[in-house]
Amino acid sequence: MSEILRQISIWAVPTIFAITVHEVSHGYVAKRFGDRTADMLGRLTLNPVKHIDPVGTILVPLVLLILPTGFIFGWAKPVPVAMRNLRNPKRDMAIVAAAGPASNFAMALFWGIVAKIADVIAVASVSPWLVRVGLAGIVINLVLAVLNLLPVPPLDGGRVLSGLLPNHLSDRYDRIEPYGFFIIVGLLAFGVLGLLIGPPINFFMDQILFITGLR
């Protein structure tokens, strides 16, 4: 139990904010392109309570943390975006979708800097824990970024690809969306998901460790 509580203390904050900032980024960029739906619903806030999904933000990450899966991810309540309100709906929706993973890459670098500062300061009672929190922040943000960039609707990568395809192809491609969740679960169950996202996650992890000088 003490080990579980220690792991929760390390992963809770970076996981909640990784998911929260991801969703706020979607809403903020949508507002910039003309859709104020998220703003009017009070979702353009970093208050995690506004974005927490009991299952995706708490239960799923907690179960994956406790079980020896070696894999952790989660999700928040999606920020609503009314595509019809966007000035250039198809193009702008692709940019709105890309904003979420982009924010996660930025946060991964932020947590790398946090870990490096904690390592340099070396306060005995705090630094080792804060370094682990920073490393957890890198991992969870890279997992969210890379996972969401998979070209499977309704993941962000699917929406980006849909925005890049010609209309007649994007309409057909979007029909996959009702089955997207089952596709991801199937890839996870058969061990394919890790093979797809593992190499890019490791690549970006190496770059962040190099940039920040973390050992």
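Computation of the quantities below employed the complete heavy-atom set of this structure, encompassing side-chain atoms and omitting hydrogens, waters and symmetry-equivalent molecules.
Side-chain contact between Ile197 and Leu150 is present, with heavy atoms from C-beta onward closer than 4.5 Å. For the pair Lys90 and Asn167, the minimum side-chain heavy-atom distance is below 4.5 Å. Side-chain contact between Asp53 and Ile19 is absent, with no heavy-atom pair separated by less than 4.5 Å. Residues Trp11 and Val139 are in side-chain contact: their nearest non-hydrogen atoms beyond the backbone lie under 4.5 Å apart. With contacts defined as side-chain heavy-atom distances shorter than 4.5 Å, the pair Met205/Ile138 qualifies. Between Leu109 and Thr212, the closest side-chain pair of non-hydrogen atoms falls below 4.5 Å.
Contact detail for Pro14 and Ala136: the closest heavy-atom pair is CG-CB, 4.3 Å. When all heavy atoms of Gly163 and Ala94 are compared, the closest pair comes out as CA-CB, 4.1 Å. Shown here for Ala118 and Val131, the closest heavy-atom pair between the two residues is CB-CG2, 3.8 Å. Of all the heavy atoms in Pro200 and Leu196, the pair that sits closest is CD-O, 3.4 Å. Minimum interatomic distance between Ala18 and Ile140 (heavy atoms only, all atoms of both residues): CB-CG2, 4.2 Å. The nearest pair of heavy atoms linking Asp156 to Pro101 is OD2-CD, 3.3 Å.
Separating the OG atom in Ser127 from the CD1 atom in Ile117 is a distance of 10.5 Å, to the nearest 0.5 Å. Atom NZ in Lys31 sits 13.5 Å away from atom CG in Asn85 (nearest 0.5 Å). The CG atom of Asn202 lies 11.0 Å from the CD atom of Gln207; values are rounded to the nearest 0.5 Å. Atom CG in Leu142 sits 10.5 Å away from atom CE in Met107 (nearest 0.5 Å). Note that the CG atom of Leu46 and the CZ atom of Phe17 stand 7.0 Å from one another [nearest 0.5 Å].
No donor-acceptor pair closer than 3.5 Å links the side chain of Arg32 to the backbone N or O of Tyr28. Judged by distance alone, with hydrogens and angles left aside, the side-chain atoms of Lys116 form a donor-acceptor pair with the main-chain N or O of Gly213 at under 3.5 Å. Side chain of His51 to backbone of Thr45: a donor-acceptor contact under 3.5 angstrom is found. The backbone N or O of Val96 sits nowhere less than 3.5 Å from a side-chain atom of Arg159 that would complete a donor-acceptor pair. Checking side-chain atoms of Glu23 against main-chain N and O of Val79 turns up a donor-acceptor pair under 3.5 Å. Of the possible donor and acceptor atoms, one in the side chain of Ser25 sits under 3.5 Å from a partner among the backbone N and O of Val21. The backbone N or O of Asn104 lies less than 3.5 Å from no partner atom in the side chain of His22, so there is not a single donor-acceptor pair. Under a 3.5 Å cut-off, the side chain of Asp35 and the backbone N or O of Ala82 do form a donor-acceptor pair. Asp119 places no side-chain N or O within donor-acceptor distance of the main-chain N or O of Ala115, the cut-off being under 3.5 Å.
Under the 4.5 Å side-chain heavy-atom criterion for grouping Ile, Leu, Val, Met, Phe, Trp and Tyr, Leu86 is not connected to Leu161 through any hydrophobic cluster. Cluster membership for Leu44 and Leu41, using ILVMFWY side-chain heavy atoms within less than 4.5 angstrom, is not shared. Residues Leu149 and Tyr173 fall within the same hydrophobic cluster, defined by Ile, Leu, Val, Met, Phe, Trp and Tyr side chains chained together at heavy-atom separations under 4.5 Å. Cluster membership for Phe181 and Val146, using ILVMFWY side-chain heavy atoms within less than 4.5 angstrom, is not shared. A continuous path of Ile, Leu, Val, Met, Phe, Trp and Tyr side chains, each step under 4.5 Å between heavy atoms, connects Ile201 with Trp111, placing both in one hydrophobic cluster.
No more than 12 heavy atoms of other residues, nucleotides or ligands shown are found within 6.0 angstrom of NZ on Lys50. When the shell of 6.0 Å around CZ of Arg91 is examined, it contains more than 12 heavy atoms from other residues, nucleotides or ligands.
Each of Ile176, Asp171, Asp174 was checked for a side chain to side chain contact (heavy atoms under 4.5 Å, CB included) with Ser162, and the lone residue meeting it is Asp174.
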>> Pair Ile121, Leu130 - check side chain to side chain contact (heavy atoms under 4.5 Å, CB included), show working.
In response: CA-CA 11 Å; Ile121 294 175; Leu130 192 55; over 6 Å; no
>> Using the rule given for side chain to side chain contact (heavy atoms under 4.5 Å, CB included), can you reason through Ile10 versus Leu135, listing the C-alpha separation, both sets of side-chain angles and the distance that settles it, and then say yes or no?
In response: CA-CA 9 Å; Ile10 291 171; Leu135 293 174; over 6 Å; no
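Remark: Phe105 pairs with Phe204 by the ring-ring contact (aromatic ring centres under 6.0 Å, His included) rule, at least two apart or across chains.
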